[in-house]
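Down below is the structure, laid out as structure tokens.
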Amino acid sequence: MYLSKYFLPILKENPSEAQIASHRLMLRSGMIKQSSAGIYSWLPLGLKVLKKIENIIIEEQIAAGHIPILMPTIQPAELWKESKRLDDYGKEMLRFEDRHGRLMLYGPTNEELVTDIFRSYITSYKDLPKTLFHIQWKFRDEVRPRFGVMRGREFFMKDGYSFDVDKRSAIHAYNRHMISYLRTYERLGLKAIPMKADTGPIGGDYSHEFLVLANTGESQVFYDKEISNLSLGEQKIDYENYSNLESIVHKFTTPYARTDETHDIDLFEKIPEARRVEGRGIEVGQIFYFGTKYSESMGAKIDLANGKRIPIEMGSHGIGVSRLVGALIEANHDEQGIIWPASVSPFDAVIINLKQNDHLCNEISIKIYNMLKANGFDVLYDDRLDSVGAKFSSMDLIGIPKQIIVGPRGVSEGLLEIKFRNNGQRINIPLSNNLIELINELKK
RNA sequence: CGGGCUAUAGCGCAGUCUGGUAGCGCGUUCGUCUGGGGGACGAGAGGUCGUGAGUUCAAAUCUCGCUAGCCCGACCA
């Protein structure tokens, strides 16, 4: 993409409404534009990141055996009457009437809708287990939206719903979600810690929130340092294997890790002092096994082999996709701007032409651009006529991990320069005919 | 939902107290120069001062209403 042909409305000054880094940087780098309180348009750069995160989530959910669907944003209120949540939800739920006077709502979540789908078709234990998920816009009419996309009213969320014949199978679904989420966060370049969450009236041990450590986070967190050293790494996961998943989940849920909601000071103080960590975190996901809460009230039942009819065991599992964009920036930025992890960066690399009037620099920049595109890289070419400083600053701001710098000085010596956004290091690369050295460096 | 604050050019702000020609920086347009960290000079364009009423010879400025947005708290993925 030639920058001169793109739509990248960068702001030089800080918008007055943005208080925290991610919000400020998303506005400045032209990723989003506020439409009204807590509601945003996603501009090209922001949309690219949002879609990259979404794709990683989809890949990992499919790898875990879960099935994508898409449910509507607008739901009929009748379903919520059935589950008895219509009144419980209060003013957070945006309600309105259609032209026939039927009460509708903009969905804040989809348990009712998905349970309705399931009960319409599934009647036998032979059809279970199944997990359906979708990634869709949701709306919660927060009294006080803030922090940009981290606490908007409209938000993009992955929510998955598991349907199982019994508790053992439902817990396996829970474990699949735990592990597929851990893998997702790792691929996003984030350290997210599963923390024991409040299960409310249902009780039990089967709810975890995933928190990204950041001092702007809204939750107070307490954990054993050991848990932050755990990672799935490259290990292959067999999502069908009950005991294998169980042992991984056991490993990740044994060390103490809780938010202030479930914090137990006595347990916390049993951890050796050197390993106790207190901090703040941003919640980027939650998994929850809740048994027959909705299947019971909404009549989603199956026949067993022995002819008995029982309500389906369910769980719901969510990842805040749009919120993750903010969380990623909170975790990856410096004074100059955003520093994208390669997996979610809106572009793989940017070519900065330092002398836009120079024939040689132009020729070489264009050649690199075409060559990289042909090799499958998504490259931004900063071909603006702006001064060098303006180019460097704005490219640092938008945070592309690798900057390929083409300037008269290097070109005259037959060299290109790559600057790495994360550590500021620069290396020289010979300017060869096939650019193989450059391509290899970008593949790293 | 309680408490506080703001609204003036695309963005950031001054002007409001003490009513009288609407201003600054950045950006933007044109031209010349410049070209390894938001460059220089020159010339332009751009505002019914959030909105409605009132006071006044005269309102960005004073009064009242409304709307929108932000901050603290309660709440929340």
Side-chain angles (χ1 to χ4, degrees), chain A residues 9-20 23-24 27-28 30 33-39 89-93 107-110 136-159 181 192 195 197-198 207-212 217-219 259-261 281-288 316-327 335-337 352-358 360-362 382 384-397 403-413 415-417 419 424 426 428:
Chain A
I10 286 174
L11 305 177
K12 192 168 171 180
E13 283 170 281
N14 282 325
S16 58
E17 75 260 28
Q19 301 300 311
I20 61 167
H23 189 194
R24 197 171 65 233
L27 290 168
R28 282 198 56 203
K33 170 168 166 45
Q34 179 165 323
S35 162
S36 51
I39 302 178
Y89 232 91
K91 287 191 165 178
E92 304 258 293
M93 190 155 73
T109 178
N110 286 64
Q136 175 64 292
W137 291 94
K138 312 276 192 298
F139 194 89
R140 289 187 197 173
D141 200 358
E142 299 280 349
V143 204
R144 193 185 156 208
R146 64 186 109 170
F147 304 149
V149 298
M150 296 235 288
R151 190 164 165 205
R153 290 194 291 173
E154 189 178 46
F155 56 99
F156 201 43
M157 181 175 168
K158 174 264 164 183
D159 41 331
Y181 279 25
M195 301 199 175
D198 199 357
S207 183
H208 282 85
E209 296 179 325
F210 295 81
L211 283 106
V212 171
E218 69 241 318
S219 311
T259 66
D260 46 2
E261 283 175 7
I282 302 165
E283 192 191 328
V284 292
Q286 179 163 15
I287 54 178
F288 199 164
S316 68
H317 317 275
I319 296 183
V321 185
S322 48
R323 166 176 277 204
L324 268 170
V325 180
E335 287 296 303
Q336 273 62 50
I352 301 179
N353 185 346
L354 293 185
K355 195 166 181 181
Q356 200 61 43
N357 282 338
D358 184 89
L360 197 52
C361 287
N362 287 0
D382 189 348
R384 294 173 301 172
L385 214 49
D386 283 352
S387 72
V388 176
K391 289 193 178 193
F392 279 131
S393 300
S394 48
M395 291 307 108
D396 282 350
L397 173 67
Q403 301 174 354
I404 301 160
I405 299 166
V406 181
R409 202 172 72 195
V411 163
S412 67
E413 298 166 26
L415 293 172
L416 293 172
E417 193 173 308
K419 184 187 141 190
R426 294 157 187 267
N428 287 318

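Naming convention: chains lettered A, B, ... in sequence-line order (proteins, then strands); numbering from 1 in each chain. No hydrogens, no waters, no symmetry mates; every other heavy atom, side chains included, goes into these values.
Closest to the side chain of A:R28, out of B:rG38, B:rC71, B:rC76, is B:rG38. Of the candidate nucleotides B:rG36, B:rG38, B:rA74, B:rG36 has the atom lying nearest to any side-chain atom of A:P408. Picking from B:rC70, B:rG73, B:rG36 the nucleotide with the shortest atom distance to the side chain of A:I405 gives B:rG36. Distance from the side chain of A:K12 is smallest for B:rC26 among the nucleotides B:rC70, B:rC26, B:rG37. If you check B:rG36, B:rC70, B:rC76 against the side chain of A:R151, the one that comes closest is B:rC76. Each of B:rG12, B:rG69, B:rC76 was ranked by its minimum atom distance to the side chain of A:E142; first place goes to B:rC76. Among the nucleotides B:rC71, B:rC76, B:rG12, the one closest to any side-chain atom of A:R144 is B:rC71. For A:K91, whose side chain is taken as the heavy atoms from C-beta onward, the closest listed nucleotide among B:rG38, B:rG37, B:rC1 is B:rC1. Side-chain proximity of A:D396 to B:rG12, B:rG37, B:rC76: nearest is B:rG37. When each of B:rG12, B:rC70, B:rG37 is scored by its nearest atom to the side-chain atoms of A:A37, the top-ranked nucleotide is B:rC70.
Atom CG of A:L211 and atom C1' of B:rC76 are 14 Å apart (whole Å). Between the CZ atom of A:F392 and the P atom of B:rG39 there is a distance of 14 Å, rounded to whole Å. B:rC76 atom P lies 18 Å from atom CD1 of A:I282, rounded to whole Å. For the pair A:I10 CD1 and B:rG27 P, the interatomic distance rounds to 13 Å; values are reported in whole Å. When the P atom of B:rA77 is taken as reference, atom CZ of A:R146 falls 13 Å away, rounded to whole Å. Between the P atom of B:rG73 and the CD atom of A:E218 lies a distance of 13 Å, rounded to the nearest Å. The CD atom of A:Q336 sits 12 Å away from the C1' atom of B:rG38 (whole-angstrom rounding). Atom CG of A:L27 and atom C1' of B:rG12 are 14 Å apart (whole Å).
Counting non-hydrogen atoms under 4.0 angstrom, A:G424 reaches nothing in the nucleic acid. Among the heavy atoms of the strands lying under 4.0 Å from A:S36 are primed sugar atoms or P, OP1, OP2 only; no base atom is included. Across all strands shown, A:S16 has heavy atoms under 4.0 Å from sugar-phosphate atoms exclusively, and none from any base. No contact: A:G285 has no heavy atom under 4.0 Å from any strand. Using a 4.0 Å heavy-atom cutoff across all strands shown, A:L11 reaches no nucleic acid atom at all. Base engagement by A:G407 is indicated by at least one non-hydrogen atom pair under 4.0 Å involving a base atom. Counting non-hydrogen atoms under 4.0 angstrom, A:L385 reaches a base of the nucleic acid. Base contact: A:R426 has a heavy atom under 4.0 Å from a base atom. Residue A:K419 is classed as a base contact, given a heavy-atom separation below 4.0 Å to a base. A:E13 comes within 4.0 angstrom of a nucleotide base, judged by non-hydrogen atoms across all strands. Residue-level contact check: A:N14 touches the backbone only, with heavy atoms under 4.0 Å from sugar-phosphate atoms and none from bases. As judged by a 4.0 angstrom heavy-atom cut-off over every strand, A:V143 is placed among the base-contacting residues. Within the 4.0 angstrom heavy-atom criterion, base atoms lie near A:E417.
Pair assignment for B:rU21 gives none, since no Watson-Crick or G-U wobble pairing has each distance under 3.5 Å. B:rU16: no Watson-Crick or G-U partner with both key distances under 3.5 Å is found in any strand. In this structure B:rA43 sits in a base pair with B:rU29, meeting the Watson-Crick or G-U test at under 3.5 Å. When both pairing distances are held under 3.5 Å, B:rU51 makes a Watson-Crick or G-U pair with B:rG65. Summarising the base pairing, B:rA77 is matched to no nucleotide, lacking a Watson-Crick or G-U wobble pair whose two defining distances lie under 3.5 Å. Base pairing annotation: B:rG36 forms no Watson-Crick or G-U wobble pair, as no partner gives both donor-acceptor distances under 3.5 Å.
B:rC49 sits 15 Å from B:rG19 when the C1' atoms are compared, rounded to a whole Å. Here, B:rU67 and B:rC11 have their C1' atoms 23 Å apart, quoted to the whole Å. Separating the P atom of B:rG31 from that of B:rU21 is a span of 37 Å, rounded to the nearest Å. Taking the C1' atoms as reference points, B:rG52 lies 32 Å from B:rA45, given to the whole Å. Separating the C1' atom of B:rG47 from that of B:rC1 is a span of 37 Å, rounded to the nearest Å. Across B:rC30 and B:rC66, the matching P atoms stand 47 Å from one another, rounded to whole Å. If you take atom P in B:rG2 and the same atom in B:rA74, they sit 16 Å apart, rounded to whole Å. Taking atom C1' on both B:rU8 and B:rU51, the two are 14 Å apart, rounded to the nearest angstrom.
Considering A:K91, A:R153, A:R151 as possible partners of A:E142, the one that fulfils the salt bridge (charged side-chain N to carboxylate O under 4.0 Å, His left out) test is A:R151.
Although no hydrogens or angles enter the test, the distance criterion places no donor-acceptor pair under 3.5 Å between the side chain of A:R24 and the main chain of A:A18.
Put simply, A:F155 rests on the base of B:rA77: the two rings are less than 5.5 Å apart at their centres and nearly parallel, under 30°.
If you check the side chains of A:Q356 and A:D382, you find no donor sitting under 3.5 Å from an acceptor.
The 5' end of RNA chain B is approached more closely, in terms of each residue's nearest nucleotide, by A:H23 than by the other of A:H23 and A:E154.
In terms of phosphate contacts, A:Q34 brings a side-chain nitrogen or oxygen within less than 4.0 Å of OP1 or OP2 of B:rC70.
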